[in-house]
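Protein chains get the first letters and strands the later ones, always in sequence-line order, with residue 1 at the start of each.
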Protein chains: 2
Amino acid sequence: MGIAERKEREKERRRQEIIDAAEKVFFRTGFDQSSMDQVAEEAELSKGTIYLYFKSKEDLHWAIAARGMEILKESIRRSVAGIRTGAEKLMAIGRCFIEFSEKHRDYFLSLLFFEGKNLEKLHLSKKQVHDAFYGDSPIMILQQTIEEGMSDGSIRTGLPAASLTHTLWAQTLGVLQVIQNKKEVFDLFGIDRESLIRSHIEILRKGIIQ
Amino acid sequence: MGIAERKEREKERRRQEIIDAAEKVFFRTGFDQSSMDQVAEEAELSKGTIYLYFKSKEDLHWAIAARGMEILKESIRRSVAGIRTGAEKLMAIGRCFIEFSEKHRDYFLSLLFFEGKNLEKLHLSKKQVHDAFYGDSPIMILQQTIEEGMSDGSIRTGLPAASLTHTLWAQTLGVLQVIQNKKEVFDLFGIDRESLIRSHIEILRKGIIQ
DNA sequence: ATCATAAAATGACCAGCGGTCATAAATGAT
DNA sequence: ATCATTTATGACCGCTGGTCATTTTATGAT
């Protein structure tokens, strides 16, 4: 019976169409300033229908962020392919992340949005949490890379790989977040995007690569 | 004429009373879940009056965060007093910041809240921006400390002091933000608060202290 | 083709929110 | 006592995220 399968596909397609519409609206107006009515209109569906596919506005936003994660992950995968040492891969991942924050600003902002939210207060399913953190997520690739670097002697040992991984991730996101949100006062301090990134990279190079 | 001064004092006191009330409400319920009506009730004033003293809910929240900044600043001031080298002062500031995030969680969360907001979209006065970033703010103390460490040879040179300052600040906030928001998945990775902080400190020690 | 059942979609509706403003009360100068 | 100015009020507004009784559409058995 192919009907069940077709219906399943159509359901998934509709889901994607709603995400498409939400992306247009959220990216155009900003998440906070966008309304579910706008999303419904863009999707040419009623608001009630949107809520058949997503249980809240935040849930829909998460779906967009998940797309961003996927893009970032693929980008990282490509960037480390063919590189030898863990340390070099690490640097490639860093550059990748930074590039992502420029080339896919809208998705990056979606990721940042959830970075500032307490996981416990987000009502996520097991699957959502798993996909974002555990499965082959960007952060797991980073951890594998770090373990690789510790094995091949290119990355300092002595700190647990998992701790180092999440610390690096957090530091990098912190820097990118400041670049995103505090641009306005950069002139006051005579700093800019590039100098912050260079400082960050230099600290990490000396701090964890041996 | 002492009446104008008395009125000025009373106005300022009322302002502080409103912030007191808002703190109680926001800290109890969380900023997003709190309403201006609740604040008004707690302050035993009408909502309209609140809006005579603060131009928006966010403006009121900022006033709370500013108190947090003040506490952090004083704490930093005390912690660096009597310490010799820039590098040692730097470490003291780091510990201070981390302690602040524990001992004054509510204020710390207020700071984090604005860390995730784009400055340009916040409608802040010149004074608010100046006080938060320029005056003798925590970040300026950090910069002075770094310059001191560069002079006395305890901190690596080669990177502009201002860039290094803001990078350090951003990295540290990033780590504390992850600790705050991602606790829920720490078990999944076998990490915890302390191991992340240790990694962070170790990276910085090797990365910038010489 | 007809019809009963189930699945999908609708949009009027709701409570709560941040924010406003015409009005009223309190205060101080005359 | 009178009046002008400052301070305070709370009813009111528009908009939002979210719900749900109702309708429309698709399906499979007859």
Chemist: Do A:Gln16 and A:Glu12 have side-chain N/O donor and acceptor atoms under 3.5 Å apart?
Modeler: yes
Chemist: Step through it carefully: locate the ring centre of B:Phe54, locate the ring centre of B:Trp62, and say whether they are under 6.0 Å apart.
Modeler: no
Chemist: Relative to the 5' end of DNA chain D, which residue comes earlier, B:Arg14 or A:Phe31, by the nucleotide with the nearest heavy atom?
Modeler: B:Arg14
Chemist: Under 4.0 Å between a Lys/Arg side-chain N and an Asp/Glu carboxylate O for A:Lys121 and B:Asp32?
Modeler: no
Chemist: Output yes when at least one side-chain N/O atom of A:Arg6 is less than 4.0 Å from OP1 or OP2 of D:dT27, else no.
Modeler: yes
Chemist: Pairs under 3.5 angstrom, nitrogen or oxygen only, protein versus nucleotides 10-12 of chain C, please.
Modeler:
| unit_1 | atom_1 | unit_2 | atom_2 | d |
| --- | --- | --- | --- | --- |
| C:dT10 | OP2 | A:Ser46 | N | 2.9 |
| C:dT10 | OP2 | A:Ser46 | OG | 3.4 |
| C:dT10 | OP2 | A:Thr49 | OG1 | 2.8 |

Chemist: Could you tell me whether A:Lys11 and A:Glu8 have a side-chain N and a carboxylate O separated by less than 4.0 Å?
Modeler: no
Chemist: On DNA chain C, check which nucleotide each of B:Glu10 and B:Asp32 is closest to and give me the residue with the more 5' one.
Modeler: B:Asp32
Chemist: Nearest-Å distance, OH (B:Tyr51) to C1' (C:dC21)?
Modeler: 14 Å
Chemist: Looking at A:Phe26, A:Tyr107, A:Phe27, which hits ring pair (Phe, Tyr, Trp, His ring centres under 6.0 Å) with A:His61?
Modeler: A:Phe26
Chemist: Reading DNA chain C from 5' onward, which residue's closest nucleotide shows up sooner: A:Lys11 or B:Ser34?
Modeler: A:Lys11
Chemist: When all nucleic acid strands are considered with a 4.0 Å heavy-atom cut-off, which category describes A:Phe54: base, sugar-phosphate, or nothing?
Modeler: nothing
